[in-house]
Amino acid sequence: MTGHLSGNVGDGGLLPADAARFIPQKPPFVFVSGLIDCGETYAVTVFEVPSDCVLAAGGVLREGGITEFMAQSCAAFVGYRDFLAGRTEPSVGVLGALSRMKIDSLPPVGSKLSCRVETVGDFGGMQMFYAKVHMDGGRLVAEGRLTTSGLGNAG
């Protein structure tokens with residue numbers, strides 16, 4: 001696979017890594033637990049929906065939680081690239097827009113989710129990503145485009 005990024009993340013190994021070190025969010029609002037793969041234009045993250053998840057209700061992760069997982073997956077991708085470039089703190093960005101969003105199902109608490117994000121474009125500080133979320137290694141849960149501002153612009 002070409003374009004694969006690797007580097008020591010300070011814990012004695014390469015990917016997979018704890019994604020929390022690459023995002024600015026703090027518990028209980030962390031919706032990405034691991035960064036398992038990263039290339040020049042893509043990243044793959046994971047999240048196991050905890051029973052006390054703040055965006056779960058009725059035994060399922062709600063739409064806002066799925067969207068937050070997608071957004072934090074983008075942040076982990078950019079944060080890891082920034083880390084490899086020598087930055088020590090994750091940059092703080094904002095989710096500016098969602099488009100072409102499709103949520104096929106609401107995953108139950110306890111589900112293991114994966115998200116693959118791919119860079120679609122970078123337009124002067126605005127970054128567009130395409131994200132797909134799968135549950136338990138198979139079924140598509142959601143997909144769509146996310147536009148962020150501020151990620152990767154830390155000094």
Side-chain angles (χ1 to χ4, degrees), residues 1 3-5 15-84 89-154:
M1 176 178 296
H4 185 79
L5 297 177
L15 296 178
D18 178 3
R21 68 183 309 149
F22 307 120
I23 63 172
Q25 290 83 2
K26 303 295 179 217
F29 213 75
V30 173
F31 286 80
V32 60
S33 50
L35 178 63
I36 60 171
D37 195 12
C38 190
E40 292 290 334
T41 61
Y42 75 94
V44 179
T45 61
V46 293
F47 177 60
E48 185 169 344
V49 183
S51 59
D52 62 350
C53 181
V54 295
L55 293 179
V60 296
L61 183 64
R62 303 303 307 175
E63 294 87 347
I66 295 167
T67 303
E68 191 61 32
F69 175 44
M70 296 165 88
Q72 289 187 23
S73 295
C74 296
F77 173 37
V78 173
Y80 181 67
R81 291 188 319 189
D82 287 351
F83 178 84
L84 292 179
E89 294 294 322
S91 53
V92 177
V94 295
L95 178 60
L98 300 171
S99 60
R100 300 182 187 173
M101 287 295 289
K102 180 181 175 192
I103 296 177
D104 292 333
S105 64
L106 300 177
V109 167
S111 296
K112 293 178 180 158
L113 305 178
S114 65
C115 182
R116 181 180 174 96
V117 295
E118 296 182 20
T119 303
V120 176
D122 188 339
F123 310 98
M126 299 290 289
Q127 293 176 298
M128 184 179 290
F129 300 93
Y130 181 75
K132 277 188 168 184
V133 175
H134 289 87
M135 181 172 53
D136 298 323
R139 191 169 92 208
L140 181 67
V141 170
E143 62 184 313
R145 287 192 179 179
L146 299 88
T147 303
T148 65
S149 177
L151 288 178
N153 295 331

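Every heavy atom of this structure was used, including side-chain atoms; hydrogens, water molecules and symmetry mates were not.
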What are the two closest heavy atoms between [X] and [Y], and how far apart are they?
X      : Y      : value
Ala56  : Val109 : CB-CG2, 4.1 Å
Gly65  : Phe31  : O-CD2, 4.0 Å
Ala76  : Leu35  : O-CD2, 4.2 Å
Ala142 : Ile103 : CB-CG1, 3.9 Å
Glu118 : Tyr42  : CG-CB, 4.0 Å
Leu146 : Ala131 : CD1-CB, 3.7 Å

Please check: side-chain N/O of Glu48 versus main-chain N/O of Ser33, any donor-acceptor pairing under 3.5 Å?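 Checking the backbone N and O of Ser33 against the side chain of Glu48, no donor-acceptor pair under 3.5 Å is found.
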
Reference residue Leu113; test side-chain contact (heavy atoms from CB on, under 4.5 Å); the match among Ile66, Val32, Val49: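 When Ile66, Val32, Val49 are each tested with Leu113, the side-chain contact (heavy atoms from CB on, under 4.5 Å) holds only for Val49.
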
Only one of Arg145, Arg100, Met70 passes side-chain contact (heavy atoms from CB on, under 4.5 Å) with Tyr130; say which it is.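 Going through Arg145, Arg100, Met70 one by one, the side-chain contact (heavy atoms from CB on, under 4.5 Å) with Tyr130 is satisfied by Arg145 alone.
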
How long is the span from the [atom1] atom in [X] to the [atom2] atom in [Y], to the nearest 0.5 Å?
X      : Y      : atom1 : atom2 : answer
Arg116 : Lys132 : CZ    : NZ    : 9.5 Å
Phe29  : Gln72  : CZ    : CD    : 7.0 Å
Cys115 : Ile36  : SG    : CD1   : 10.5 Å
Thr119 : Phe77  : OG1   : CZ    : 3.5 Å
Thr67  : Arg62  : OG1   : CZ    : 11.5 Å

Please identify each residue that fulfils side chain to side chain donor-acceptor pair (under 3.5 Å) with Arg139, with sequence neighbours left out.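 Partners of Arg139 under the side chain to side chain donor-acceptor pair (under 3.5 Å) test: Ser105.
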
Using side chain to side chain contact (heavy atoms under 4.5 Å, CB included), reason through Arg21 and Phe83 one step at a time and then give a plain yes or no. CA-CA 9 Å; Arg21 68 183 309 149; Phe83 178 84; 4.3 Å; yes

Residues two or more places apart in sequence or in another chain: which of them pass side-chain contact (heavy atoms from CB on, under 4.5 Å) with Thr148?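 Partners of Thr148 by the side-chain contact (heavy atoms from CB on, under 4.5 Å) criterion, ordered by chain and then number, come out as Leu95, Gln127, Phe129, Leu151.
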
Step by step, work out the side chain to side chain contact (heavy atoms under 4.5 Å, CB included) result for Leu61 and Ser111. CA-CA 9 Å; Leu61 183 64; Ser111 296; over 6 Å; no

Is there a side chain to side chain contact (heavy atoms under 4.5 Å, CB included) between Asp82 and Phe22 once you walk through the steps? CA-CA 8 Å; Asp82 287 351; Phe22 307 120; over 6 Å; no

Starting from the C-alpha separation in whole Å, work towards a yes-or-no answer on side chain to side chain contact (heavy atoms under 4.5 Å, CB included) for Gln25 and Glu68. CA-CA 11 Å; Gln25 290 83 2; Glu68 191 61 32; 4.0 Å; yes

Under a 4.5 Å cut-off applied to non-hydrogen side-chain atoms, are Lys112 and Val46 in contact?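 No, their side chains stay 4.5 Å or more apart.
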
